[in-house]
Amino acid sequence: AWDTDNPMWNSVWDWHRGAAPANGGVDGDPEALLKALGSEDEMEALQAAYGLAQGGQDIAENLSALLGDESDYVRRNAGYALSAMDGQAVPALMEALGNADTTRRATAADVLGDIGRAAGDSEALLVNALRDGEQVVRLNAAHALGTIDGNGLRVGALADALDSEEDEWVRRYVALSLLRLGSDATEAVPQLKRAALSDANRYVQAKSLEALQRMGTPESTEAAFDILQTLRWCPHTGIGSGF
C-alpha cells in the first residue's frame, strides 16, 4: 500500500505525474531535520530532505546555505530538498549563484539543472556562471542551460562557449546542452559545425554533429552533410598506414 505520509514517496509520485510539489509546511522540527541531513543513515537523511522540501520558500534559504557545507552528505541532501521544491527553490538558488564560495555556486547551478524547466528565471545568471573562473561552476552551468526554460540568452552563450572554452569537459556539456535544445539552437549552427570538424575532443565532435542532425533544419542538415563528407577522408591514412 502507498504510504501517504511518506514525503519522499509523495515527492517522487508528484514528479512522475508532473504535479506541483506539496507545500504544506514542514512536518516536524525544522532544526532537527536540517541536522539530520548529515546523518550516516541514508533513509533518515532522505526522509529529512523530503520533509524539509514541504516547507517551500520558507525553508529554502536555510537549505541554500548548506550547499557549501564541508560534508558531501549535507550538500547532496540539501540539494535533494531544494530540487524537490521545484520552482519554489529558484530564488534562493539564484542568490547562491552569486555567492563567493565556489562549492555553493557550483551546487546551486547543479540543482537548478535538476529542477529543469521551472528554473527559467535563472537563465541570465547561469549564462554569467558559464564564464565563472572555476571549472566546476562552468560545468554545472553548461548542463543547467540545457534543461531550463529560457528566453534566448542561453543559445548564444553556449555557442560562444563551444568556441572559446578551454576545458574539454565543459565543452562536452555545452555540446550536450545544445543537442538537448534541438531546433531551438539553430543560432549555434556555425559553432557546432566548427566543433564537429576540429574540436580536439572526439566526444565534443560527436555531440556537435548529433546536435546538427537533431535540429533538422535545411541549414543544419547541409552542415551535417558537409562534415560527413569531410570526415570520409581519414587524416591518419597514408602510404605508411593503410588503415
Is a side-chain donor-acceptor pair under 3.5 Å present for R104 with S64?
yes
Grab the two heavy atoms, one from G113 and one from T147, that are nearest each other, plus how far apart they are.
O-OG1, 2.9 Å
Considering only residues two or more places apart or on different chains, which pairs with a residue in residues 218-227 satisfy side chain to side chain donor-acceptor pair (under 3.5 Å)?
K193-D226, T217-S220
Compare all side-chain heavy atoms of R75 with those of L66 and state whether any distance is below 4.5 angstrom.
no
Restricting to side chain to side chain donor-acceptor pair (under 3.5 Å), what partner residues turn up for E165, sequence neighbours left out?
R138
Looking only at non-hydrogen atoms, find the nearest pair between I227 and A196 and report the distance.
CD1-CB, 3.5 Å
Across all chains, not counting sequence neighbours, the side chain to side chain contact (heavy atoms under 4.5 Å, CB included) partners of V136 are T102, A106, N140
Starting at CG of N128, measure out to CG of L153 and round the result to the nearest 0.5 Å.
9.5 Å
List the atom of A118, the atom of V90, and the distance in Å for their closest heavy-atom pair.
O-CG2, 3.8 Å
Verify the cluster assignment for L162 and V137: are they in a single hydrophobic cluster under the rule of side-chain heavy atoms below 4.5 Å apart?
no
Name all residues meeting the side chain to side chain donor-acceptor pair (under 3.5 Å) criterion together with D41; count only those two or more places apart in sequence or in a different chain, and write none if there are none.
none
Any non-hydrogen side-chain atom of P30 less than 4.5 Å from a side-chain atom of N62?
no
To the nearest 0.5 Å, tell me how far I115 CD1 sits from D86 CG.
6.0 Å
Measure the OG-CD distance between S39 and Q47 for me, rounded to the nearest 0.5 Å.
11.5 Å
Side chains of L125 and L112: closer than 4.5 Å at any heavy-atom pair?
no
By side chain to side chain donor-acceptor pair (under 3.5 Å), which residues pair with E187, not counting sequence neighbours?
none
Separation of E44 CD from L33 CG (nearest 0.5 Å):
9.5 Å
All heavy atoms of V74 vs all of G38, minimum pair found to be CG2-CA, 3.6 Å
Output for pair (D58 CG, L52 CG), nearest 0.5 Å, gives 12.0 Å
Could you tell me if the side chain of L67 sits less than 4.5 Å from the side chain of T103, heavy atoms only?
no
Side chain to side chain contact (heavy atoms under 4.5 Å, CB included) partners for A60, two or more places apart:
L82, M85, A92
Going by side chain to side chain contact (heavy atoms under 4.5 Å, CB included), name the residues that satisfy it together with S177, two or more places apart in sequence or in a different chain.
L158, R180
Between L209 and L197, does a side chain to side chain contact (heavy atoms under 4.5 Å, CB included) hold up when you go through it step by step?
CA-CA 9 Å; L209 177 57; L197 282 169; over 6 Å; no
Could you work out the complete set of other residues in the hydrophobic cluster of L179, with links drawn between I, L, V, M, F, W and Y side chains under 4.5 Å apart?
L176
Not counting sequence neighbours, which residues clear side chain to side chain contact (heavy atoms under 4.5 Å, CB included) with E31? List them please.
D29, L34
Going by side chain to side chain donor-acceptor pair (under 3.5 Å), name the pairs with one or both residues in residues 200-212, residues two or more places apart or in two chains.
E168-N201
My understanding is that only residues two or more places apart in sequence, or in another chain, count here; which of them pass side chain to side chain donor-acceptor pair (under 3.5 Å) with D167?
Q135
Which heavy atom of A78 sits nearest to which heavy atom of L63, and what is that distance?
CB-O, 3.8 Å
Quick check against the 3.5 Å criterion: does R105 have a side-chain atom that pairs as donor or acceptor with the backbone of N99?
yes
E123 side-chain N/O to L145 backbone N/O, donor-acceptor pair under 3.5 Å
no
When hydrophobic residues are tied together by side-chain contacts of less than 4.5 Å, even through go-betweens, does L37 share a cluster with Y73?
no
Minimum heavy-atom separation for S83 to V111, with atom names?
N-CG1, 3.8 Å
Among pairs that include at least one residue of residues 147-164, which meet salt bridge (Lys or Arg N to Asp or Glu O under 4.0 Å), considering only residues two or more places apart or in two chains?
R117-D149, D163-R194
Angle between ring planes, H143 versus Y173, binned at 30° and 60°: parallel, tilted or perpendicular?
perpendicular
Rounded to the nearest 0.5 Å, how far does OH of Y50 lie from CG of N77?
9.0 Å
